[in-house]
2 protein chains.
Amino acid sequence: MSERPTIKDIAGKLGVSPATVSRALSDSGLVAEPTLSRIREAARALNYRPNVSARNLRTQRSMAVLMVVRDVGNPFYLEILKGVEATARGAGYSVLMGNTENDPEREIEYFDMLRDGHADGMILMTGKLPWKHEEYAERLAGLSVVVALEMIGGSGLPHVQIDNAVAASDAVRHLISLGHKRIAHICGPIPEIMSVRRRDGYRIAMKEAGLDIPAGYEPVGDYLLRSGEALCQQLFELTSPPTAIFVANDEMAYGAIHELRRLGLDVPSDVSVVGFDDLYLSEAFYPPLTTVSQPRAEIGQQAMKLLLRTFAGESQAGETMELATTLRIRGSTARPKETGARVRTL
Amino acid sequence: MSERPTIKDIAGKLGVSPATVSRALSDSGLVAEPTLSRIREAARALNYRPNVSARNLRTQRSMAVLMVVRDVGNPFYLEILKGVEATARGAGYSVLMGNTENDPEREIEYFDMLRDGHADGMILMTGKLPWKHEEYAERLAGLSVVVALEMIGGSGLPHVQIDNAVAASDAVRHLISLGHKRIAHICGPIPEIMSVRRRDGYRIAMKEAGLDIPAGYEPVGDYLLRSGEALCQQLFELTSPPTAIFVANDEMAYGAIHELRRLGLDVPSDVSVVGFDDLYLSEAFYPPLTTVSQPRAEIGQQAMKLLLRTFAGESQAGETMELATTLRIRGSTARPKETGARVRTL
DNA sequence: CTGAAAGCGCTAACAT
DNA sequence: ATGTTAGCGCTTTCAG
């Protein structure tokens with residue numbers, strides 16, 4: 001009663017061999033019609049479910065993939081997860097979430113899970129590998145790994161991403177086009193490629209507009225709310241504070257706006273703020289945040305597709321897929337006061 | 001080279017039996033010292049990892065638990081997940097996330113995963129079971145399931161939760177103590193127990209203060225941003241709109257505040273708003289949201305502990321654990337204008 | 001088209 | 001303290 005039925009039970013009950021049952025249940029097309037239906041029916045009647053451990057052991061596959069992120073607590077990853085999940089399910093795979101908290105030990109643990117058959121492949125979104133460059137090739141041998149959002153130099157892993165530099169430049173150009181001259185940038189953690197690229201984009205846009213980047217205009221944060229607050233405060237202790245801030249992600253932008261309000265400054269009339277990510281809440285935020293929107297669901301979807309192609313041996317080493325971003329102009333950006341005044345004077 | 005070493009490889013290389021290797025690697029304490037070290041060393045040298053499918057097949061356990069939620073996209077669950085994960089890891093379990101999107105088919109799928117050995121137990125946070133009441137006992141037989149956050153009448157499953165009615169009453173009493181009389185409540189989806197309890201709490205507090213609940217003061221939403229906006233608008237189309245709103249969750253509260261702003265009403269000077277959940281962003285929101293804080297990490301932790309006790313056969317049927325909530329009073333609530341005026345007149 | 005038989009890698013009696 | 005043996009439930013040759 002409480003015992004789960006096995007393929008043998010069904011075979012016994014129907015007077016056929018276990019092999020036939022297995023074939024029937026896996027739609028191999030090798031079972032003739034009278035038997036086929038009987039087996040299917042019996043399986044349903046007994047509420048039969050194949051034991052995954054047994055199947056995985058035999059087939060040497062787990063039909064699961066691992067999606068590893070820095071911090072499950074960050075809502076940013078959720079929509080990506082949905083994209084991954086939808087595509088994975090479509091192909092018969094389930095998705096496990098891995099959470100590293102930036103801890104190399106845990107990163108290694110998840111790679112171990114690939115080795116021990118927990119999952120067949122991995123979508124890595126942590127922006128780094130837990131080994132030295134020289135070890136990359138050896139450590140990654142035989143593993144199916146796709147990198148998303150970030151990229152990992154020298155790994156030769158296929159990846160899907162956005163062009164962070166171009167997106168950042170566009171965001172800064174928007175501020176410039178509004179008439180801002182003193183534009184600061186709150187960066188992400190700096191040795192990381194993604195943060196560097198966004199800063200590059202900021203610098204490029206500033207340079208092409210002939211604008212100066214004063215000392216202290218590029219404080220470095222960690223993508224968290226608190227650091228947005230702290231760095232914004234820092235910015236307004238400068239002798240010549242900015243009239244606009246391009247923040248490397250929405251969460252720090254929330255923090256920055258919060259701090260500006262504490263300082264008695266209005267957004268956008270005193271200071272304009274642009275974020276990056278377009279989190280779900282950025283639209284309901286006050287003021288609604290102008291920000292760079294990434295096609296998150298699609299990133300997940302494409303990453304999973306790439307992984308599936310890797311399973312099939314169809315992906316190239318270092319294959320790249322780049323998706324387009326959109327600047328969502330909302331209520332946190334406006335013309336600077338001086339410019340507004342000047343315009344009126346004309 | 002690319003083949004993963006098995007226990008047999010180690011045994012062969014060292015001239016011992018596979019059983020001994022197994023025992024040595026599982027710290028059974030049954031292997032003598034000269035051999036023990038040699039085996040451990042060899043395992044490390046070969047970068048050996050036990051094959052989980054084989055182990056699970058043999059032990060009839062997967063050492064994994066399933067945490068099933070309505071919507072992974074909701075940041076609310078993330079901190080709970082962290083609590084679950086921390087406790088699970090401590091006990092050697094890994095955590096799989098399941099996402100039902102309120103789809104009974106998918107709910108059933110996750111129960112199937114328990115049956116087929118994908119996981120040993122489940123923490124259910126969807127607030128319902130995908131079967132008719134009569135089937136509960138039969139369907140749940142032999143499965144280890146713990147319910148968190150919500151409760152499922154008639155299932156007899158152990159659960160951990162908060163007292164939604166008391167928490168809601170406290171929130172409304174806060175508004176009453178500020179002097180509000182016309183207090184509305186934006187409800188969650190109503191046949192669901194959690195929403196009903198919160199509404200009960202609202203009604204109790206109103207009644208004990210002798211306050212009236214006019215028609216239209218209890219619009220029903222779905223916990224999503226948009227419905228907060230729409231229902232708030234509806235509320236202010238009434239002939240006698242409220243001066244305060246108790247909203248059944250933070251996300252709808254964000255929407256409501258957004259809408260109030262659109263209507264030209266200031267929060268809190270024109271209208272006070274209280275939420276429920278205390279999401280990460282509620283503090284940085286403008287105005288900082290007064291809301292009911294749930295001990296999310298602890299909920300996760302306790303749910304996992306309860307599940308572990310269920311594995312050990314130590315949990316009682318229908319065992320309940322109730323955790324305390326806290327009302328976080330922030331900037332979205334204030335005395336109503338009329339009252340303020342009256343006070344000044346005195 | 002179906003059955004018989006082997007074996008995936010591991011652990012747990014049972015022996016010694 | 002270690003080895004021998006069997007088998008978890010499934011899939012997949014290989015025969016027929």
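Atom set for the values below is all heavy atoms of this structure, side chains included, hydrogens, waters and symmetry mates excluded. A note on names: the letters A, B, ... follow the listed sequences, proteins ahead of strands, and every chain is numbered from 1.
- With hydrogens and angles ignored, the 3.5 Å screen pairs no side-chain donor or acceptor of Ser37(B) with any backbone N or O of Pro34(B).
- Using a cut-off of 4.0 Å between Lys/Arg side-chain N and Asp/Glu carboxylate O, Arg139(B) and Glu107(B) are scored as not salt-bridged.
- Atom CG of Asp9(B) is separated from atom P of dC8(C) by 11 Å (rounded to the nearest Å).
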Original post:
What string of B, S and - do you get for nucleotides 8-16 of chain D, 5' to 3', when a contact is any protein heavy atom under 4.0 Å?
Top reply: BBBBBB---

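- Taking the six-membered ring for Trp, Tyr223(B) and Phe76(B) have ring centres at least 6.0 Å apart.
- With sequence neighbours excluded, the residues forming a side chain to side chain contact (heavy atoms under 4.5 Å, CB included) with Ala24(B) are Val31(B), Leu36(B), Ile39(B), listed by chain and number.
- Between the P atom of dT2(C) and the CG atom of Leu25(A) lies a distance of 14 Å, rounded to the nearest Å.
- Salt bridge Arg4(B)/Asp9(B): absent, no basic N to carboxylate O contact under 4.0 Å.
- Contact detail for Leu114(A) and Asp120(A): the closest heavy-atom pair is CD2-C, 4.2 Å.
- Side chain of Ser26(B) to backbone of Ser22(B): a donor-acceptor contact under 3.5 angstrom is found.
- Taking 4.0 Å as the cut-off between side-chain N and carboxylate O, Glu101(A) and Arg89(B) do not count as a salt-bridged pair.
- Using a 4.0 Å heavy-atom distance criterion, Gly117(A) is classed as making no nucleic acid contact.
- With axes fitted over five pairs at each extremity, the angle between the ends of the helix from dC1(C)-dG16(D) to dT16(C)-dA1(D) is 40° (10° resolution).
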